[in-house]
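Report on one structure; see the data block that follows.
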Amino acid sequence: MATAFAPGKCILFGEHAVVYGHPAVAVAIDQGVQVSLTNSKNWTIDGHSFSHSRHPHISHIINDLFKYKGSPLNIEIKSDLFSAAGLGSSAALSNAMGAALHYFLNKDEDLNLIKLAKIAHSAEAIAQGGRASPTDTAASALGGCIVVSGKEVEGTINVFKTSLDTPEGERNWVINKVIIPPESEDIYLILGFTGDASPTGNMVQGVANLLKSNPDKINVMDSISKITLAGLSALSAGNFEAVGIAMNACHSKLQDLEVSTHSLDRLVDAVRPYSLGAKMTGAGGGGCIVALSRNPQRVAEEIEIAGGSPLISKLGSNGVRIV
Ligand code: MEV
């Protein structure tokens, strides 16, 4: 038996722009996905027969990346993330699956987190029509706070580089870590799920279509990039009031990219009076908002009153682990 847990993630700044090489800042959250593997007579997943077409991520990891030729496995998945909600549930699943399979095959060999993040990124790219940044997979593998960018980012610790052939050509990213200052101890992230699932691949495709039909929108990407760097300096300095202001600004640019929705905007408006800042997080079109606050219970209540479902997390949880 082998069991691994991988956290979900929350993007504080830079979603969508990161697909085009701009920086994004993401943190691992307390909630995530756990995968357990046991030997079995037939391939099964959560007690049902395993179908490669229904689980392309998992199938790609088992067959193409690990080239697994062993006996059939029973795969058990437990998750406390909302799925298709911008919290990186598919990246967490890929990481937990990769980590569990690694441990199942090589109990004595340490898990290489960079290799794992790359394996999971490859699985994400397949599921997202060839356009996926390594943000979700790297945040979930490494934990803490990461910055993903097309180039080096001052004031961060470089961890690894990666690239992907996308329909728009080759993209290259640098993955960096940021140390969150100790002043963050009383600061929480409160996620609010609208209840509307929204597959990332469709939203990423929608933005690609918008840029094609309206090339001026590329300026929005440049603005998101500037906001992201301002938010990052504020975060590194422990200036959470300024982090919140940058989150608010980022939300309005994501509205310009037409990825926010009425439900997301309603939740953002409901929590702002009790938050340092709030924005949609992830691909949008549904999914979640994130608020930064010293009063997480109050924000969670406001999310519920406005019809959403809250989750509370500290700012930057640990990365993937064998359990
Ligand atoms: C999804 O969590 C974030 C996006 O930027 C897509 C990606 O980075 O692959 C929308």
Side-chain angles (χ1 to χ4, degrees), residues 1-12 15 26-38 45-48 54-55 57-58 61 74-101 103 111 113 116-117 120 123-124 127 135-146 187-200 263-264 267 271 280-283 286-293 296-297 299-304 306-323:
M1 164 124 169
T3 301
F5 173 86
K9 68 87 192 40
C10 164
I11 298 187
L12 295 178
E15 46 273 267
V27 290
I29 59 173
D30 296 346
Q31 297 76 16
V33 176
Q34 181 170 301
V35 170
S36 299
L37 303 176
T38 43
I45 186 155
D46 289 335
H48 300 284
R54 283 194 57 208
H55 299 282
H57 280 66
I58 295 182
I61 291 172
N74 175 38
I75 305 164
E76 291 281 335
I77 301 171
K78 283 190 201 146
S79 173
D80 53 2
L81 290 170
F82 306 116
S83 60
L87 300 183
S89 63
S90 68
L93 173 59
S94 297
N95 273 332
M97 180 67 205
L101 192 52
Y103 186 63
L111 187 61
L113 294 179
L116 180 70
E124 284 289 282
T135 313
D136 296 17
T137 45
S140 171
L142 304 176
C145 179
I146 63 148
I187 301 271
Y188 291 86
L189 295 177
I190 307 91
L191 300 146
F193 183 37
T194 54
D196 307 323
S198 172
T200 301
S263 310
L264 286 165
L267 290 187
V271 300
M280 56 155 274
T281 184
C288 287
I289 65 142
V290 57
L292 187 76
S293 178
Q297 296 305 341
V299 173
E301 274 162 29
E302 288 303 322
I303 289 170
E304 278 182 335
S309 309
L311 284 178
I312 298 175
S313 171
K314 60 181 169 297
L315 185 57
S317 215
N318 291 333
V320 70
R321 53 219 179 241
I322 303 298
V323 289

Stepwise side chain to side chain contact (heavy atoms under 4.5 Å, CB included) test for Val35 and Glu76:
CA-CA 6 Å; Val35 170; Glu76 291 281 335; over 6 Å; no
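- When side chains are defined from C-beta on, Asn74 does not count as touching Leu37, because their heavy atoms never get closer than 4.5 Å.
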Please step through side chain to side chain contact (heavy atoms under 4.5 Å, CB included) for the pair Phe82 and Leu311, ending with a clear verdict.
CA-CA 9 Å; Phe82 306 116; Leu311 284 178; 3.6 Å; yes
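- Residues Ser83 and Ser89 have side chains that never bring a donor and an acceptor to within less than 3.5 angstrom of each other.
- Nearest approach of Ala28 to Gly143, heavy atoms of both residues: CB-CA, 3.7 Å.
- Here the CG-CZ distance, from Leu264 to Phe193, works out to 10.0 Å after rounding to the nearest 0.5 Å.
- The two residues Ala26 and Thr135 come nearest to each other via the heavy atoms CB-CG2, 3.7 Å.
- Between Thr137 and Lys9 the shortest side-chain heavy-atom distance does not fall below 4.5 Å.
- In this structure, Ser313 contributes its side chain and Asp30 its backbone to a donor-acceptor pair below 3.5 Å.
- A heavy-atom distance below 4.5 Å is not found between the side chains of Ile190 and Val271.
- With rounding to the nearest 0.5 Å, the separation of CD1 in Ile322 from OH in Tyr103 is 7.0 Å.
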Quick one: do Cys10 and Leu191 satisfy side chain to side chain contact (heavy atoms under 4.5 Å, CB included)? Show the steps, please.
CA-CA 8 Å; Cys10 164; Leu191 300 146; 3.9 Å; yes
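- At a threshold of 4.5 Å between non-hydrogen side-chain atoms, the residues Pro7 and Asn318 do not count as touching.
- Side chains of Ile75 and Ile58 form a contact here, defined as non-hydrogen atoms less than 4.5 Å apart.
- No side-chain heavy atom of Thr281 sits less than 4.5 Å from a side-chain heavy atom of Ile289.
- Atom-to-atom distance recorded for Ser79:OG and Gln31:CD is 9.5 Å, nearest 0.5 angstrom.
- Annotation: side chain of Glu304 is not in contact with side chain of Ser309 (no heavy-atom distance under 4.5 Å).
- In the model, Glu124 has a side-chain atom that pairs as donor or acceptor with a side-chain atom of Ser90 under 3.5 Å.
- Here the shortest heavy-atom pairing between Ile45 and Ile77 reads CD1-CD1, 3.7 Å.
- A donor-acceptor pair under 3.5 Å is absent between the side-chain atoms of Thr194 and the main chain of Cys288, judged by distance alone.
- Residues passing the ring-ring contact (aromatic ring centres under 6.0 Å, His included) test with His57: none are found, sequence neighbours excluded.
- Among all heavy-atom pairs drawn from Leu189 and Lys314, the shortest one is CD1-O, 4.1 Å.
- Listed for the Asp80 side chain is no donor-acceptor partner under 3.5 Å among the backbone atoms of Val33.
- The shortest heavy-atom contact between Ile11 and Val290 is O-CG1, 4.2 Å.
- Side-chain contact between Ile61 and Ser94 is present, with heavy atoms from C-beta onward closer than 4.5 Å.
- Atoms OG and CG, on Ser140 and Leu87 in that order, are 11.5 Å from each other to the nearest 0.5 Å.
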Residue pair Thr3, Gln34: steps toward the side chain to side chain contact (heavy atoms under 4.5 Å, CB included) verdict:
CA-CA 7 Å; Thr3 301; Gln34 181 170 301; 3.5 Å; yes
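- Gly88 and Asp136 get closest at one heavy-atom pair: CA-OD2, 3.8 Å.
- Between the OG atom in Ser317 and the CZ atom in Phe5 there is a gap of 7.0 Å [rounded to 0.5 Å].
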